[in-house]
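Note sheet for the following structure.
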Amino acid sequence: MVVYNLKGKLKVLAHAKINLFLKVKGLRNDGYHNLEMVMQSIKLHDNIIISAKESGIKIESNSNKIPLDSTNLAYKAAKAVINKTRLDSGVNIYIEKNIPVAAGLAGGSTDAASVITGINKYFNLRLNKAEMHQIAESIGSDVPFCLTGGTAFVSGRGEIVKKMSPIIKKKVLLVKPKQEVSTKKIYKLYDEYNINKNIPTDKLLSIIKNNKELLIEDGWANELEDITKKLVPEVKKIKQLLKNKSLDFTMMTGSGPTVYSLLDQKQEKIASEIVSNWPRESDFITITETKNL
Ligand code: C5P
């Protein structure tokens, strides 16, 4: 996580993520699902700017798509850090939003993770990694990964994060249809259908460890994808459009509805052309790249 000091303020880059695979292991007693996934940071990021104020927490943003009250994960993160450290100051948080919201890209979670890191640095609170991890876990399932970033094998409900050797840098095409989805709803529906794509976790992890090429036929998949397609048929349409252009490594990220393609060098040009000629005007479409942190 890159941190910059600006006059009396601190800026943290809050990177989005994609899931290289997502396997659902089962429903837990607490209502969450045990998962196995590889998460990968991407260059696309929000900027989080932190400064001190007399008291309280104030969130501001350039986006009208996120809440600015205590329901914002960044607010919850700030509150948790203040309570834990008994910080005797208020905090201003400015969220410069670039990551689409409710997209499966962990936009809210990465902002929260950056607030934890940022407040810790800004006020020199000396929270250690384990303490920050504990706070992250209490805010949301994707927040622990976002604290670490890079390439990681993530399990449990998202709180067990094992950093892996970085994958070779790849460009990533992102397409998000306008419609938003509720993660809770997707998981609930998943329980009715119980999709099992036989994702070979160990094999996929060893491909990353041995720095081998990521080929879709090795079993990279997302077990929530078929569920989200039922609620957002655009996911299927977008995936088809990308596959038709021979972008084979195309998958939904998280609970969606963003679809991404991992691009090899010869596909980069095809992807630029796709962006220039994309027929669906209301979609968010961009090319970014994987990011090692
Ligand atoms: O942890 P977070 O608040 O981001 O999760 C949102 C919802 O997604 C949860 O309320 C739960 O329904 C579902 N979820 C799940 N299993 C996970 C992560 C999330 O069932 N591992």
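Counting starts at 1 for both ligands and their atoms, following the listed order.
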- Message: What I want to know is whether Tyr187 and ligand 1 share at least one N or O pair that is separated by under 3.5 angstrom.
- Response: no
- Specify side chain, backbone, both or neither for Tyr32, according to which of its non-hydrogen atoms lie closer than 4.0 Å to ligand 1. both
- Have a look at Asp191, Ile186, Thr183, Asn34 and point out the one with the heavy atom closest to atom 8 (O) of ligand 1. Thr183
- Task: Would you mind listing which atoms of ligand 1 come within a distance below 4.0 Å of any non-hydrogen atom of Gly140?
- Result: 1 (O)
- Task: With heavy atoms of Leu35 as the reference, note each atom of ligand 1 found under 4.0 Å away.
- Result: 21 (N)
- Item | Ionic contact status for Glu289 with Lys43, cut-off 4.0 Å | yes
- Do Lys212 and Asp218 meet the salt-bridge criterion of a basic N to acidic O distance under 4.0 Å? no
- Task: Do me a favour and list the nearest non-hydrogen protein atom to atom 10 (O) of ligand 1 with residue, atom name and distance?
- Result: Lys184 NZ, 3.7 Å
- Message: Between ligand 1 and Gly31, can you find any atom pair, the residue atom being a heavy atom, that is separated by under 4.0 Å?
- Response: yes
- Item | Check: Lys23 side chain, Ile199 main-chain N or O, donor-acceptor pair, under 3.5 Å | yes
- In ligand 1, the atoms that come under 4.0 Å of a heavy atom of Ser141 are 1 (O), 2 (P), 4 (O), 18 (C), 19 (C)
- Message: When you compare the side chain of Glu131 with that of Asn120, does any pair of heavy atoms fall below 4.5 Å?
- Response: no
- Message: What I want to find out is whether Lys245 reaches Glu273 closely enough, with some N-O distance under 4.0 Å, to be called a salt bridge.
- Response: no
- Query: Taking the non-hydrogen atoms of Asp142, is any one of them nearer than 4.0 angstrom to ligand 1?
  - Reply: no
- Does a donor on one side chain and an acceptor on the other come within less than 3.5 Å for Glu36 and Ser155? no
- Message: Quick check on contacts: which atoms of ligand 1 are under 4.0 angstrom from a heavy atom of His33?
- Response: 15 (C), 16 (N), 17 (C), 20 (O), 21 (N)
- Query: Is Lys9 positioned over the aromatic face of Tyr94, cation under 6.0 angstrom from the ring centre and no more than 45 degrees off axis?
  - Reply: no
